[in-house]
Undergrad: 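Pasting a structure below so you can have a look.
Note: hydrogens, waters and symmetry copies are ignored here, and every other heavy atom, side chains too, is used.
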Amino acid sequence: MYYYLYEITNTINGKKYIGVHKTSRIADDYLGSGKVIKAAIRKYGKSSFSKVILEYFTNSDDMYRRERELVNEVFICRDDTYNLRIG
């Protein structure tokens, strides 16, 4: 099983989304499950987003802890993010 923290960027407007994912297939095409990011993917198409895996983890507790550190109140209040909630 793979646990990772990722960032996707809209290559058209520069907006970012940080999330976590648990998968058995590292090369899946997962881009996020948030309402706003899903709407952006529908609007711009998957090809308009780039994905970078920021960190790998050995368990979900560490993965979610790190997400909470990065996706904090300051981050979600920025104009260039799709994240709506803290971690």
Undergrad: Quick one, T81 and Y17 - any side-chain contact, counting heavy atoms below 4.5 Å?
TA: no

Undergrad: Please name the pair of heavy atoms, one in Y4 and one in Y56, separated by the smallest distance, quoted to 0.1 Å.
TA: CB-CD2, 3.9 Å

Undergrad: With hydrophobic residues grouped by side-chain heavy-atom distances under 4.5 Å, do V36 and Y44 end up in a single group?
TA: yes

Undergrad: List for me each residue that meets salt bridge (Lys or Arg N to Asp or Glu O under 4.0 Å) alongside R78, sequence neighbours excluded, and say none if there are none.
TA: D80

Undergrad: Quick check on the hydrophobic clustering: are I26 and L31 connected, directly or via other members, by side-chain heavy-atom contacts under 4.5 Å?
TA: yes

Undergrad: Do N10 and Y82 get their side chains close enough for a donor-acceptor pair, meaning under 3.5 Å?
TA: yes

Undergrad: Taking only residues two or more places apart in sequence, or in another chain, which ones meet E55 in a side-chain hydrogen bond (donor to acceptor under 3.5 Å, both in side chains)?
TA: R66

Undergrad: Check I76 against V71 and note the closest heavy-atom contact, atom names and distance.
TA: CG2-CG1, 3.8 Å

Undergrad: Starting at CD1 of I53, measure out to CD of E7 and round the result to the nearest 0.5 Å.
TA: 12.0 Å

Undergrad: For K16, which residues count as a side-chain hydrogen bond (donor to acceptor under 3.5 Å, both in side chains) partner, sequence neighbours excluded?
TA: T9

Undergrad: To the nearest 0.5 Å, how far apart are CD1 in I86 and CG in L70?
TA: 12.5 Å

Undergrad: Is it the case that one hydrophobic cluster holds both I37 and F75, taking links as side-chain heavy atoms less than 4.5 Å apart, direct or via other members?
TA: no

Undergrad: Using the ring of Y6 (Phe, Tyr or Trp, six-membered ring only), decide whether K51 places NZ or CZ under 6.0 Å from its centre and within 45 degrees of its axis.
TA: yes

Undergrad: Looking at CZ of R65 and CG of L5, how far apart are the two atoms once the value is rounded to the nearest 0.5 Å?
TA: 13.0 Å

Undergrad: Closer than 3.5 angstrom, by distance alone: can the side chain of T11 be matched with the main-chain N or O of S48 as a donor-acceptor pair?
TA: yes

Undergrad: Between the main-chain N or O of R85 and the side-chain N or O of N83, is there a donor-acceptor pair closer than 3.5 Å?
TA: no

Undergrad: Same hydrophobic cluster for M63 and I18, using side-chain heavy-atom links shorter than 4.5 Å among ILVMFWY?
TA: yes

Undergrad: Using a cut-off of 6.0 Å, state whether more than 12 heavy atoms not belonging to F57 lie near its atom CZ.
TA: yes

Undergrad: Does a side-chain heavy-atom distance below 4.5 Å link T58 with Y3?
TA: no

Undergrad: Inspect the contact between D28 and R25 and indicate whether a charged nitrogen and a carboxylate oxygen are less than 4.0 angstrom apart.
TA: no

Undergrad: Do the side chains of Y30 and T23 get nearer than 4.5 Å, heavy atoms only?
TA: no

Undergrad: Return yes if some donor-acceptor pair links the side-chain N/O of N72 with the main-chain N/O of E69 below 3.5 Å, else return no.
TA: yes

Undergrad: Is there a path of hydrophobic side-chain contacts, each under 4.5 Å between heavy atoms of I/L/V/M/F/W/Y residues, joining L54 to Y2?
TA: no

